[in-house]
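Single-structure report; data block below.
Count residues from 1 along the sequence. These numbers come from the heavy atoms of this one structure, side chains and all, not from hydrogens, waters or symmetry mates.
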Amino acid sequence: MIQVQLIKEGFEISCVYDGEQALEVFSEKMFDMILLDLMLPKLDGIEILKIIRAQSMIPILIMSAKDGDLDKALGLGFGADDYLSKPFSMMELTARIKANLRRAHQYSAPVSSAAHSEKIHIGELNLDTDNFTVYKSEDEIKLTAKEFQILKLFMTHPKKVFTKAQLYTLVWGEDYYGDTNVINVHMRRLREKIEDDPSAPQYIKTLWGIGYKLGEF
């Protein structure tokens, strides 16, 4: 059903039916995005996610009938870009796919040689907004597209406090309906990468009951 719908929308689809076949096809072809079910035979979705994410930053949208916070945290914690709970409408699925592809295209678009790259320095972090790179001191930090967008938002607005609703609207480009888990997981992952001590963050501060803001340096 999903395959038929997406073909109607103009997408070129490779459909596989178990985890081992998924990895085999992924190694043989080039893709723009992966739609991944968590519950697959032979090799489950989480294992596939871990293997693919270790070698590629391709957008991955998880879908699952399990709607618990644990599944969301587990899937997103291993690097998924988005999560869709079953049952869902074909309209919502198509909208999510297009949104993820659009963000991935914006993230990976080549920079004109004539363009001047804007570099922002805060503490030990150095962010290049045009080349999509982040360094902490001399070490490059590998961020997902959404992690980069979140960090860029804070570093380009160092005095502003962002609520979770504002973060979701600005980074995900969608209306916010109160699903705080997506924000929490991405924020935790980002802090694990940029903070010396993620349990006592210095770069992204939590203002309890309000939101987040960049720390002062």
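- If you chain together ILVMFWY residues whose side-chain heavy atoms come under 4.5 Å of each other, V161 ends up grouped with L207, I210.
- With sequence neighbours excluded, no residue forms a side chain to side chain donor-acceptor pair (under 3.5 Å) with K213.
- Under the side-chain contact (heavy atoms from CB on, under 4.5 Å) criterion, L43 pairs with L23, E47, I48, I51, not counting sequence neighbours.
- Evaluation of the ring pair (Phe, Tyr, Trp, His ring centres under 6.0 Å) rule for Y168 yields W172, Y176 as partners, not counting sequence neighbours.
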Show me the donor-acceptor pairs within less than 3.5 Å that the side chains of residues 9-18 make with the rest of the protein, sequence neighbours left out.
residue : atom : partner : partner atom : Å
E9      : OE1  : K98     : NZ           : 3.3
E9      : OE2  : Q5      : NE2          : 3.3
S14     : OG   : K29     : NZ           : 3.3
D18     : OD1  : E20     : N            : 3.1
D18     : OD1  : Q21     : N            : 2.8

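- Between F148 and D128, the closest heavy-atom pair is CZ-O, 3.6 Å.
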- Message: Show, in sequence, the C-alpha distance, side-chain angles and deciding distance for M187 and L167, and conclude whether the side chain to side chain contact (heavy atoms under 4.5 Å, CB included) test is met.
- Response: CA-CA 10 Å; M187 196 64 69; L167 280 175; 3.7 Å; yes
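- Remark: K193 pairs with E147 by the side chain to side chain donor-acceptor pair (under 3.5 Å) rule, at least two apart or across chains.
- Applying the side chain to side chain donor-acceptor pair (under 3.5 Å) test to R191 and every residue at least two apart in sequence or in another chain returns T206.
- With sequence neighbours left out, K164 forms a side chain to side chain donor-acceptor pair (under 3.5 Å) with N184.
- Residues satisfying the side-chain contact (heavy atoms from CB on, under 4.5 Å) test with S89, not counting sequence neighbours, are M91, E92.
- Sorted by first and then second residue, the salt bridge (Lys or Arg N to Asp or Glu O under 4.0 Å) pairs involving residues 132-141 (not counting sequence neighbours) are K136-D196, E140-K142.
- Residues forming a side-chain contact (heavy atoms from CB on, under 4.5 Å) with D197 (at least two apart in sequence, or on another chain): S199, A200.
- In terms of the side-chain contact (heavy atoms from CB on, under 4.5 Å) criterion, residue partners of N126 (sequence neighbours excluded) are, by chain and number, H121, Y135.
- Side-chain contact between I97 and L6 is present, with heavy atoms from C-beta onward closer than 4.5 Å.
- No side-chain heavy atom of Y212 sits less than 4.5 Å from a side-chain heavy atom of T163.
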